[in-house]
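Here the structure is laid out as structure tokens; the discussion comes afterwards.
All ligand and atom numbering here is 1-based and tracks the order in the structure. Computation of the quantities below employed the complete heavy-atom set of this structure, encompassing side-chain atoms and omitting hydrogens, waters and symmetry-equivalent molecules.
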Amino acid sequence: MLVSSTHPKQLQHFINGEFLATQKTFRNISPVNGQVISDVCEADAATVDAAVKAAQAALKGPWGRMGVQERAALLHKVADGIQARFEEFVAAEVADTGRPVHQARTLDVARGIANFRTFADLIKTAGTEVFQSESADGLGALNYTIRKPLGVVGIISPWNLPLLLFTWKVAPALACGNAVVTKPSEESPSSATLLAEVMRDAGVPPGVFNLIHGFGGNSAGEFLTAHADVDAITFTGESKTGSTIMKAVADDMKEVSFELGGKNAAVVFADADFDAAIDGVMRSSFTNSGQVCLCSERVYVERPIFDRFVAAMKQRTDALQVGYPGDDGVDMGPLISHGHRDKVLSYYRLAVEEGATVVAGGGTPRFGDERDDGAYVQPTIWTGLPDSARCVTEEIFGPVCHIAPFDSEEEVIARVNDSDYGLACALWTTNLKRAHRVAPQIEAGLVWVNTWFLRDLRTPFGGVKQSGLGREGGRYSLEFYSEVTNICIKL
Ligand code: NAD
């Protein structure tokens with residue numbers, strides 16, 4: 001049931017250009033100290049239906065007739081709006097997730113802005129294909145493609161990079177002329193709610209951007225995926241949730257794009273620039289407390305440098321500053337929630353049962369203050385596990401990596417590829433021939449050489465196997481968020 005309200009005192013839904021409350025709410029808890037940050041309205045099926053109807057109506061209104069230039073200008077205005085409230089977005093991300101403030105500034109909010117600017121510019125310059133075909137009468141035909149919006153796109157996003165991943169889908173969906181019904185994670189609802197204010201203030205027409213809050217199963221997420229009038233679902237989250245959503249949309253044959261889990265590898269060859277590799281693997285293991293889908297939880301190091309590499313990683317890991325998001329020099333905040341901390345700690349215990357040597361960390365830090373009620377864990381390194389161990393095959397999504405030695409290129413390629421996942425891999429080598437030889441043999445959607453998480457937003461992004469379905473980024477996003485129609489004219 002919807003209750004009208006002009007100003008959100010709690011985090012509310014945003015439907016048809018207005019903030020709206022529902023009676024049922026849930027609590028948004030700080031992972032830093034366990035305190036309540038806000039109450040969040042939970043959408044029921046009727047609320048989701050209202051959002052979908054608003055989106056359908058928007059497609060028939062001024063938005064549906066708006067030209068590409070005007071749409072792109074509006075998206076730049078949204079980017080300007082985020083820029084103008086930059087520190088509010090930083091505060092929202094930090095409050096929900098506990099991540100270091102400097103990360104929220106340089107990665108999360110900066111990328112939120114870049115997502116809108118990039119897709120606004122891409123859609124202005126994107127062309128389509130034309131083919132001149134031959135025909136039996138010799139006169140031929142002209143084939144050209146046009147791009148139309150898909151319609152109402154449902155966007156479901158996770159908590160690990162809330163604004164970055166949310167806008168990664170909202171921006172191209174709107175650039176292509178769709179109307180969206182979005183559901184951020186229940187763990188990180190704040191920045192998306194702020195974005196709704198920016199959308200309204202930028203003049204995005206009512207119903208074009210709708211936001212509903214809630215959980216997944218038997219809540220807002222499921223109501224959205226099951227709604228018959230939603231034309232496509234784009235989802236980022238766990239692989240098993242992707243599989244559940246796939247079943248939910250099967251009867252309606254909705255278009256889907258899935259960006260899912262990973263168990264990514266980093267491979268360090270003996271000829272690597274040692275210091276650069278240490279810096280890179282520290283980043284790829286511990287950025288955002290290991291809660292980036294691209295993080296490397298499996299590290300393979302060529303045997304001649306293995307002991308030195310493990311020792312250097314231990315020294316750097318022991319020195320990581322875990323603490324308050326705003327503290328000077330802090331490297332790592334807490335995990336997203338107490339529930340996720342329990343999951344990560346269960347793997348810390350399992351690793352010992354499976355026979356791991358705990359090289360660094362392995363438990364929870366003690367602060368002697370309110371942070372002991374937060375969701376902190378220690379950054380952790382293991383060695384000594386077989387490749388078949390659950391800790392080496394299952395996604396943990398925490399600040400942890402297992403480091404194993406290898407002896408040959410062929411061997412390490414086989415071990416990297418022996419995974420149900422295939423999202424990303426980072427190779428560290430100064431041998432250019434090796435880099436070109438190995439990179440294409442890795443079964444993953446993204447392979448970095450001598451870097452990690454360096455993203456050009458025009459390039460394809462996505463995973464193979466259980467790490468995803470389809471690609472987004474650059475023209476791949478424009479293709480997913482459009483209904484491409486071929487028109488064939490007989491000359
Ligand atoms: P999750 O799958 O638990 O939840 C993601 C979103 O889906 C949330 O908004 C949640 O409410 C919703 N949801 C859950 N069940 C649903 C259902 N039955 N129907 C509809 N919606 C449902 O994932 P998470 O824990 O929020 O995020 C962490 C996971 O996301 C990790 O596995 C990580 O690897 C993955 N991830 C992947 C990428 C990528 O680009 N490949 C990026 C970031 C995170």
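Less than 4.0 angstrom separates some heavy atom of Asn160 from each of these atoms of ligand 1: 43 (C), 44 (C). Close approach of ligand 1 to Thr244 is summarised as follows: ligand atoms under 4.0 Å from at least one heavy atom of the residue are 18 (N). Of all the atoms in ligand 1, the ones that sit under 4.0 Å from a non-hydrogen atom of Phe461 are 40 (O). The contact set between ligand 1 and Gly217, taken as ligand atoms under 4.0 Å from a residue heavy atom, comprises 15 (N), 16 (C), 17 (C), 18 (N). Interface atoms of ligand 1 facing Leu423, defined by a heavy-atom separation under 4.0 Å, are 41 (N). Using a 4.0 Å cut-off to heavy atoms of Phe235, the atoms of ligand 1 that qualify are 2 (O), 5 (C), 6 (C), 7 (O). Taking every non-hydrogen atom of Ile156 and a distance limit under 4.0 Å, the qualifying atoms of ligand 1 come out as 6 (C), 7 (O), 9 (O), 12 (C), 20 (C), 21 (N).
The closest approach between any non-hydrogen atom of Pro184 and ligand 1 is below 4.0 Å.
Between atom 2 (O) of ligand 1 and the options Ile155, Thr241, Ile336, Thr182, the minimum heavy-atom separation is to Thr241. Here the shortest heavy-atom distance to atom 13 (N) of ligand 1, taken over Gly221, Gly216, Gly154, Gly468, belongs to Gly216. Distances from atom 35 (C) of ligand 1 to the heavy atoms of Gly237, Ser239, Gly463, Ser157 show the closest one on Gly237. The closest heavy-atom contact to atom 23 (O) of ligand 1, among the options Glu222, Glu187, Glu238, comes from Glu238.
Within the 4.0 Å heavy-atom criterion, the part of Phe215 lying near ligand 1 is the backbone and not the side chain. The part of Leu165 lying near ligand 1 is the side chain, judged by heavy-atom distances below 4.0 Å.
Note on Arg147 versus Glu479: no salt bridge recorded, every NZ/NE/NH1/NH2 to OD/OE distance being 4.0 Å or above. Using a 4.0 Å cut-off between charged side-chain N and carboxylate O, Lys465 and Asp420 make no salt bridge. Under the 4.0 Å criterion applied to side-chain N and carboxylate O atoms, Lys169 and Glu259 are assigned as salt-bridge partners.
Residues Phe26 and Phe215 bring their aromatic ring centres within 6.0 Å.
Atom CD of Glu197 is separated from atom CD1 of Ile82 by 12.5 Å, given to the nearest 0.5 angstrom.
Closest protein heavy atom to atom 28 (C) of ligand 1: Phe397 CE2, 3.6 Å. From the protein, the heavy atom lying nearest to atom 27 (O) of ligand 1 is Pro158 CB, 3.3 Å. In terms of protein heavy atoms, atom 11 (O) of ligand 1 is closest to Glu186 OE1, 2.7 Å. When hydrogens are left out, the protein atom nearest atom 25 (O) of ligand 1 is Trp159 NE1, 2.9 Å; that is the closest non-hydrogen contact. What sits closest to atom 31 (C) of ligand 1 on the protein, heavy atoms only, is Glu395 OE1, 3.5 Å. Looking at atom 36 (N) of ligand 1, its nearest protein heavy atom turns out to be Cys293 CB, 3.5 Å.
Across Leu211, Ile212, Thr193, Asn210, a single residue satisfies side-chain contact (heavy atoms from CB on, under 4.5 Å) together with Phe14, and that is Leu211. When each of Val447, Val268, Thr451 is tested with Leu427 by the rule side-chain contact (heavy atoms from CB on, under 4.5 Å), just one qualifies, namely Val447. In summary, of the residues considered (Asp108, Thr287, Thr97), a side chain to side chain donor-acceptor pair (under 3.5 Å) with Gln103 occurs for Asp108 alone.
Remark: atom 4 (O) of ligand 1 lies closer than 4.0 Å to no protein heavy atom.
The shortest N or O to N or O distance between Leu260 and ligand 1 is below 3.5 Å. Residue Thr236 has no N or O atom closer than 3.5 Å to an N or O atom of ligand 1.
For Asp251, the CG atom sits in a loose shell: 12 or fewer heavy atoms of surrounding residues, nucleotides or ligands are nearer than 6.0 Å. Residue-environment remark: NZ (Lys240) stays at or below the threshold of 12 foreign heavy atoms within 6.0 Å.
Counting only heavy atoms from C-beta outward, the side chains of Asp44 and Lys24 never approach each other to under 4.5 Å. Side-chain contact between Val299 and His402 is absent, with no heavy-atom pair separated by less than 4.5 Å.
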**Request:** Would you sort out whether Arg349 and Tyr347 count as a side-chain hydrogen bond (donor to acceptor under 3.5 Å, both in side chains), showing the intermediate values?
**Result:** CA-CA 5 Å; Arg349 286 190 296 274; Tyr347 279 101; over 6 Å; no
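Side chain of Tyr376 to backbone of Gly323: a donor-acceptor contact under 3.5 angstrom is found.
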